Asks: 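Okay, handing you the structure first.
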Amino acid sequence: MAMAVEGASEPELVSIPATPRGGQWTPPTEGTTTPTAARSSSTPARRVVEGLRGYLEEVGHLTRLNPQDAWLPITESRSGNARYAAFHTLNAGLGFQALLLPLAFPDLGWSWGIISLTVAYFWQLYTLWILVKLHEAVPGRRYNRYVELAQAAFGEKLGVWLSLFPTIYLSAGSATALILVGGETMKLFYQIVCGPVCSPSPISTIEWYLVFTSLAIVLSQLPNLNSIAGVSLIGGATAITYCTMSWVLSVSQSRPPTVSYVPAAYTSLGSSLFSTLNALGIIAFAFRGHNLSLEIQATMPSTFKHPAHLPMWRGARVAYALIAMCLFPVAIGGGILTALYAFHSHDIPRGLLAATFLLVVFNCLSSFQIYSMPVFDSFEAFYTGRTNRPCSVWVRSGFRVFYGFISLFISVALPFLSSLAGLLGGLTLPVTFAYPCFMWICIKKPERFSSGWYLNWGLGLLGTAFSLALCVGGVWSIISSGMKFKFFKPPN
């Protein structure tokens, strides 16, 4: 009964560490065993319990479950596997940001652009491996969310301060950007399919945002992260397809006379430096999904013989192999959707162009679900913590409708958000490139001056420095380009 009360007070899923093998259980201090304790330890019931515990340690973890974990969308279902991990990782890691990569190459040039993209790819793959390993780094504990791991590594207050804003932006901010991209792409799809027939009374951009948001809210009624595995599969498949179609269509067409492939030339060293930093920020912005890796891994069962990091890493490797097959051709061959529509709408068959835009819409709808799931989880965690009962269907649905229309409001208020790719890439870069390295040092505590110690300190400090530099470059790019922030004025 005492153990039941103790388990109910735990804040999350906790696994009891296995007892050491090769011997009988011994009390903490010698010479303190009373005759009554000695008699009770030799009773048949005690021997049965100890034998059953040893069997459970061989098969898996003996766990105490906090009921709240079974009420929240991320940990509600723990039936995930390597396939689900691949679907979710692919859906989270590949999206509309990939189509912005060609914007980085005019400032970096072909050689340095490819080198920068390659280094960033393997760097973020290493930090993803760190997060997968740290999910169960402490015996008897699973860190199911990025902020939880940051608190364990950096302390309660510092962990929240460092990780809360970037992860909130990567979830809620990405949902807002997806409404912008999805709504505008739906408008382009409509214009291509309908043609000049619909030109007298076009639907406004805000109305397209509303249509996209309504579809996203309907899909968001799926209860938990595992239940959207099929949606993630569709999102990943459509992302691969439209990335391939975009660069193939771009390469198959001749270069427009007004477009040059020569790297941009600048009159001053400062202009060249800041433009390069902004381009590196766009490359960093293309790699996303690290803020969701722990949440994806939390949906998997974990036992002593079959820990969750094994299927998670198998799925992640497959997903990132497919992501590499999309990012590099898009970056080199081009494939910006607006450029395809502006320069090649008369050269490419309308059916192919419309299909490409429709696939982007499907991918944005799918990505909206997985990026919004941590926000849904936070809403429900607050509710269940205050009421000590699970959310009803109506409460859960209300949270998701409320979140969808709040994101719509932000999209209408800040229609220029997708133009800040360089700055936003710098602000969120530590979540992907820096924090995991520092987490490994704080939790695993590698030997000082060892190769692992130098590697993680070097990458962590370099990632932090890049974050600051890219933020400066992004701000300079905004100022130099004369970007005007028009609030509540989305494009017509």
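Just so it is clear, the structure is predicted and the values come from calculations on it, not from any experiment.
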Asks: Heavy atoms only: give me the nearest V132-M312 pair and the separation to one decimal.
Replies: CG2-CG, 3.8 Å
Asks: Using the ring centroid of each side chain, check whether F438 and W457 are separated by less than 6.0 Å.
Replies: yes
Asks: Minimum heavy-atom separation for L470 to G281, with atom names?
Replies: CD2-N, 3.6 Å
Asks: Would a line drawn from the ring center of F376 to the ring center of F399 be shorter than 6.0 Å?
Replies: no
Asks: Which pair of non-hydrogen atoms, one from G235 and one from N91, has the smallest distance, and what is that distance?
Replies: CA-OD1, 3.7 Å
Asks: Would one find more than 12 heavy atoms of other residues, nucleotides or ligands at under 6.0 Å from atom CZ of F122?
Replies: no
Asks: With rounding to the nearest 0.5 Å, note down the distance linking CG in L134 to OG in S293.
Replies: 9.5 Å
Asks: Hey, can you tell me if Y403 and F368 have their rings parallel, tilted or perpendicular (30° and 60° cut-offs)?
Replies: tilted
Asks: How long is the span from the CG atom in L455 to the SG atom in C437, to the nearest 0.5 Å?
Replies: 7.0 Å
Asks: Identify whether the distance between the nearest side-chain nitrogen and carboxylate oxygen of E76 and R396 falls below 4.0 Å.
Replies: yes
Asks: What's the separation between atom CZ in F449 and atom OH in Y454, rounded to the nearest 0.5 Å?
Replies: 5.5 Å
Asks: Any chance you could measure L103, atom CG, to L99, atom CG, to the nearest 0.5 Å?
Replies: 10.0 Å
Asks: Show your reasoning for whether side chain to side chain contact (heavy atoms under 4.5 Å, CB included) applies to W453 and S450.
Replies: CA-CA 5 Å; W453 187 85; S450 62; 3.5 Å; yes
Asks: For atom CZ of F466, is the number of surrounding heavy atoms from other residues, nucleotides or ligands below 6.0 Å larger than 12?
Replies: no
Asks: For atom CH2 of W123, decide whether the heavy atoms of other residues, nucleotides or ligands shown that lie under 6.0 angstrom number more than 12.
Replies: yes
Asks: Just verifying a value: how many Å separate S214 OG and L408 CG, rounded to the nearest 0.5 Å?
Replies: 8.0 Å
Asks: I need the single residue from L117, L125, L128, T428 that forms a side chain to side chain contact (heavy atoms under 4.5 Å, CB included) with F287. Which is it?
Replies: L117
Asks: Indicate yes or no: does R142 engage E148 in a salt bridge with an N to O separation below 4.0 Å.
Replies: no
Asks: Check T127 against T432 and note the closest heavy-atom contact, atom names and distance.
Replies: OG1-O, 2.7 Å
